[in-house]
Amino acid sequence: QVQLVESGGGSVQAGGSLRLSCKIAGSTDGLTYSTMRMGWFRQAPGKEREGVARIDEIGATAFPDSVKGRFTISRDNAKNTLYLQMNSLKPEDTAMYYCAAIGVTGNSDPKYCTGGYCFRDWGQGTQVTVSS
């Protein structure tokens with residue numbers, strides 16, 4: 001199992017921007033960070049966890065319609081760090097945001113899956129609050 005530590009959350013007004021970071025430590029199953037499929041998820045109070053972005057080992061990305069055009073996911077393999085740039089934030093983006101690692105294809109609980117991959121390892125989350 002890898003260790004994931006998110007940072008960068010906070011409070012922002014609608015229309016603002018935040019950049020989340022996720023530092024990854026460790027390796028598992030023969031994978032190092034540069035070969036891991038990574039994702040970002042969020043969970044608002046009373047709602048199911050949902051995926052908001054994923055990036056694979058060659059840099060291909062995927063986003064749900066709810067954030068497409070506003071969120072960008074990127075990775076710095078030299079720093080073992082994953083990023084989520086969030087622009088034009090809306091109050092409905094308010095949630096705990098989680099970094100996820102070890103994305104694999106196959107069937108799993110949908111709340112752990114996004115962009116064709118289901119994720120195994122999770123960080124503790126960072127809170128994002130968007131006020132109107």
Side-chain angles (χ1 to χ4, degrees):
Q1 189 170 4
V2 295
Q3 293 77 48
L4 310 169
V5 179
E6 302 95 334
S7 62
S11 297
V12 65
Q13 289 193 325
S17 298
L18 281 174
R19 188 176 82 155
L20 306 184
S21 299
C22 174
K23 184 76 172 179
I24 295 90
S27 61
T28 184
D29 300 332
L31 297 171
T32 57
Y33 173 62
S34 65
T35 60
M36 293 178 189
R37 298 161 183 160
M38 303 294 298
W40 286 98
F41 288 70
R42 67 186 180 188
Q43 187 167 14
K47 294 189 176 182
E48 288 284 312
R49 186 171 297 193
E50 62 173 352
V52 296
R54 68 88 169 139
I55 185 168
D56 70 12
E57 63 272 32
I58 62 171
T61 60
F63 306 89
D65 288 343
S66 58
V67 306
K68 196 173 292 183
R70 301 189 297 122
F71 289 12
T72 303
I73 187 172
S74 61
R75 64 193 302 162
D76 186 331
N77 290 339
K79 295 182 178 179
N80 279 19
T81 303
L82 181 73
Y83 302 100
L84 182 69
Q85 178 67 44
M86 304 184 293
N87 298 327
S88 301
L89 282 162
K90 304 175 181 180
E92 52 263 44
D93 295 318
T94 295
M96 185 72 77
Y97 282 72
Y98 298 90
C99 175
I102 318 299
V104 298
T105 56
N107 294 322
S108 185
D109 190 324
K111 65 178 175 281
Y112 301 130
C113 307
T114 191
Y117 300 124
C118 299
F119 291 83
R120 187 191 76 184
D121 296 345
W122 298 84
Q124 295 300 305
T126 186
Q127 178 68 38
V128 171
T129 302
V130 184
S131 58
S132 58

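The chain is numbered in sequence order, starting from 1.
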| task | Would you check, one step at a time, whether the test side chain to side chain contact (heavy atoms under 4.5 Å, CB included) holds for D93 with V128? | result | CA-CA 8 Å; D93 295 318; V128 171; 5.5 Å; no

| message | Applying side chain to side chain contact (heavy atoms under 4.5 Å, CB included) to L82 and Y33, what does each step give before you reach the verdict? | response | CA-CA 10 Å; L82 181 73; Y33 173 62; 3.6 Å; yes

| For M38 and L84, what are the C-alpha separation, side-chain angles and deciding distance, and is it a side chain to side chain contact (heavy atoms under 4.5 Å, CB included)? | CA-CA 11 Å; M38 303 294 298; L84 182 69; over 6 Å; no

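Between C118 and S108 the shortest heavy-atom distance is SG-CB, 3.6 Å. The shortest non-hydrogen separation linking T35 to E57 is O-CB, 3.8 Å. When all heavy atoms are compared, the tightest approach of G51 to P64 is O-CG, 3.4 Å. C22 and L4 make their closest contact through SG-CB, 4.0 Å (heavy atoms, listed as atom of the first residue, atom of the second, distance). Here the closest non-hydrogen pair linking P91 and S131 is CG-C, 4.5 Å.
Other residues sharing the hydrophobic cluster of Y117, ordered by chain and number and joined by side-chain separations under 4.5 Å: F41, M96, Y98, Y112, F119, W122.
Between M86 and R70, the closest side-chain pair of non-hydrogen atoms is not below 4.5 Å. Counting heavy atoms from C-beta on, the side chains of T28 and Q1 never come closer than 4.5 Å. Side chains of V67 and R42 form a contact here, defined as non-hydrogen atoms less than 4.5 Å apart. Side-chain contact between D121 and M36 is absent, with no heavy atoms from C-beta onward closer than 4.5 Å.
Atom NZ of K23 sits about 10.0 Å away from atom OG of S7, to the nearest 0.5 Å. Here the straight-line distance linking atom CD of Q13 with atom OG of S132 works out to 9.0 Å at 0.5 Å rounding. Rounding to the nearest 0.5 Å places CZ of F63 at 9.0 Å from CZ of R54. To the nearest 0.5 Å, atom NZ of residue K111 and atom CD of residue E50 are 13.0 Å apart. Note that the CZ atom of R49 and the OG1 atom of T114 stand 12.5 Å from one another [nearest 0.5 Å]. Taken to the nearest 0.5 Å, the CZ atom of F71 stands 8.0 Å off from the CG atom of L20.
Looking at Q85, its side chain never comes within 3.5 Å of a backbone N or O of T72 through a donor-acceptor pair. A donor-acceptor pair under 3.5 Å is absent between the side-chain atoms of D29 and the main chain of L31, judged by distance alone. The closest donor-acceptor contact from the side chain of T94 to the backbone of V130 lies under 3.5 Å.
Other residues, nucleotides and ligands place no more than 12 heavy atoms under 6.0 Å from the CD atom of Q124.
Residues Y83 and I24 do not share a hydrophobic cluster, clusters being chains of Ile/Leu/Val/Met/Phe/Trp/Tyr side chains in contact below 4.5 Å. Criterion: ILVMFWY side-chain heavy atoms under 4.5 Å apart, direct or through other members. Under it, L89 and W40 are part of a common hydrophobic cluster.
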